[in-house]
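Naming: A, B, ... by sequence-line order, numbering from 1 per chain.
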There are 2 protein chains.
Amino acid sequence: MTKPTPQSAPPVVTRVSDATLRGFVGYHMKRAFNVIQADLAATLKPYGLRMVTYSALVLIVDNPGLRQSQLADAMDVERPNLVVIIDELERRELILREKVPTDRRAYALVPTLAGRQLCARAVAAVKGHEARLLRGLNAPDIARVLAVLKQIETTGSEE
Amino acid sequence: MTKPTPQSAPPVVTRVSDATLRGFVGYHMKRAFNVIQADLAATLKPYGLRMVTYSALVLIVDNPGLRQSQLADAMDVERPNLVVIIDELERRELILREKVPTDRRAYALVPTLAGRQLCARAVAAVKGHEARLLRGLNAPDIARVLAVLKQIETTGSEE
DNA sequence: TATTGTTATACTCTATAACTATA
DNA sequence: TATAGTTATAGAGTATAACAATA
């Protein structure tokens, strides 16, 4: 027999339970991702980069000459929103917008030397950030997590 | 010997490579979470709930009588932002703000019958949503993912 | 006609300062 | 003096419509 709790006046809550939400993978994902996002932002701050500008810079360094529309596709960002991101990287002279001779509507995005150097340093810093957050976890576990995340990513578009 | 590529004019990019970013767990997390978020939003739409209002409702149902500040803490939301969330749930008569006799500054949040019923239906729908996104994955793999996510969540605050 | 990059705009989410009424 | 809830506001992030130049 448990002590009956009055229905009209709920007892004072001393410890908030999130047991129901803990039953969902998405809830754990959101909380873990919040931590990653905050730590990543702090990691990139010394380089003057945000998550989006970092992603854009890495993709431009890895794919020199790609068009803005290709980058927008790869980043899952709308074209109008990419413009300001590219503006920012260009203003800092980390990348260049080069006119494409064969299609005068388009710009080819290429990294400058400074862009490639900053990119290398930022990537190294992010590696350190992940090593910190994932320390104590073994490689097989992480590999399994990546497999699950990849499956979620692709299952979403199947439906 | 690989064919040398001219440095001055980068070749046209046919397929954008995100190989560098794929080396990071956070990148996979973001992409997977985007998929989850979009599917969850669609799942909750028929119930007139968004991710935040859903989380708030579940926590109020599971912790009847909790204060707004407690809920804000649990949800990692600033108090000002919680106000409009609570307003929305109260306007739809899913929850009530009850004056606390012992502390007249505070409100105890309690679910109405309609709130508990909608919560139960929404939770069931979200279970279906997760089953869809995670189909084909076995329980041990998911358990390992949860362990990793929990570790990331707690490691973030250690530093 | 369709596409590339752009502008303007709006809507959501989130963060901070300051207020009120209590404690 | 500190706390609970609120208001106002500003900053990100994101989405859509419409335009000029070009294909």
Check your understanding: Just wondering, do B:R132 and B:T43 contact through their side chains at under 4.5 Å, heavy atoms?
Key -> yes
Exercise for review: Provide, to the nearest angstrom, the distance between the OH atom belonging to A:Y54 and the P atom belonging to D:dG13.
Suggested key: 16 Å
Study note, to complete from the structure: So, with a heavy-atom separation below 4.0 Å from DNA chain C, the residues of residues 66-77 of chain A are A:R67, A:Q68, A:S69
**Study point:** Ion pair B:D73/B:R79, N-O distance below 4.0 Å
**Key:** yes
Study note, to complete from the structure: Rounded to whole Å, CD of A:E88 lies from P of D:dG11 at a distance of 15 Å
Check your understanding: Regarding A:D62 and B:S17, is there a side-chain donor-to-acceptor distance under 3.5 Å anywhere?
Key -> no
Check your understanding: In terms of hydrophobic clustering (I, L, V, M, F, W, Y; side-chain heavy atoms under 4.5 Å; direct or indirect links), are B:L94 and B:V110 co-clustered?
Key -> no
Revision key, fill the gap. A:L82 CG to C:dG5 P, in whole Å, measures 9 Å
Check your understanding: Roughly how many Å is it from CZ in A:R50 to P in D:dA12, rounded to a whole number?
Key -> 8 Å
Exercise for review: Using whole Å, report how far CD of A:E90 lies from C1' of C:dG5.
Suggested key: 12 Å
**Study point:** Nucleotide D:dA4, atom P - distance to CD1 of B:I86 in whole Å
**Key:** 15 Å
Review point. Taking protein heavy atoms under 4.0 Å as touching, what does nucleotides 18-23 of chain C look like 5' to 3' if B marks base contact, S marks sugar-phosphate-only contact and - marks none?
Key: ---BBS
Check your understanding: What nucleotide, of C:dT14, C:dT6, D:dT14, holds the atom closest to the side chain of A:Y107?
Key -> C:dT6
Practice item. Rounded off to whole Å, could you give me the CD-to-C1' distance for the B:Q37 and C:dT12 pair? Key: 11 Å
Review point. So, B:R31 versus B:Y27: side-chain donor-acceptor pair below 3.5 Å or not?
Key: yes
Study note, to complete from the structure: Between the OH atom in A:Y47 and the CZ atom in A:R121, the distance rounded to the nearest 0.5 Å is 6.0 Å
**Study point:** Sidechain N-carboxylate O distance under 4.0 Å for B:R116, B:E93
**Key:** no
Check your understanding: In whole Å, what is the span from the CG atom of A:N81 to the P atom of C:dT6?
Key -> 13 Å
Practice item. Take atom CZ of A:F33 as the centre, draw a 6.0 Å sphere, and report whether it contains more than 12 heavy atoms from other residues, nucleotides or ligands. Key: yes
Check your understanding: Looking at B:R79, does any N or O in its side chain come under 4.0 Å of the phosphate oxygens OP1/OP2 on C:dA17?
Key -> no
**Study point:** Single-linkage hydrophobic cluster A:V123~A:I95, side-chain heavy atoms < 4.5 angstrom
**Key:** yes
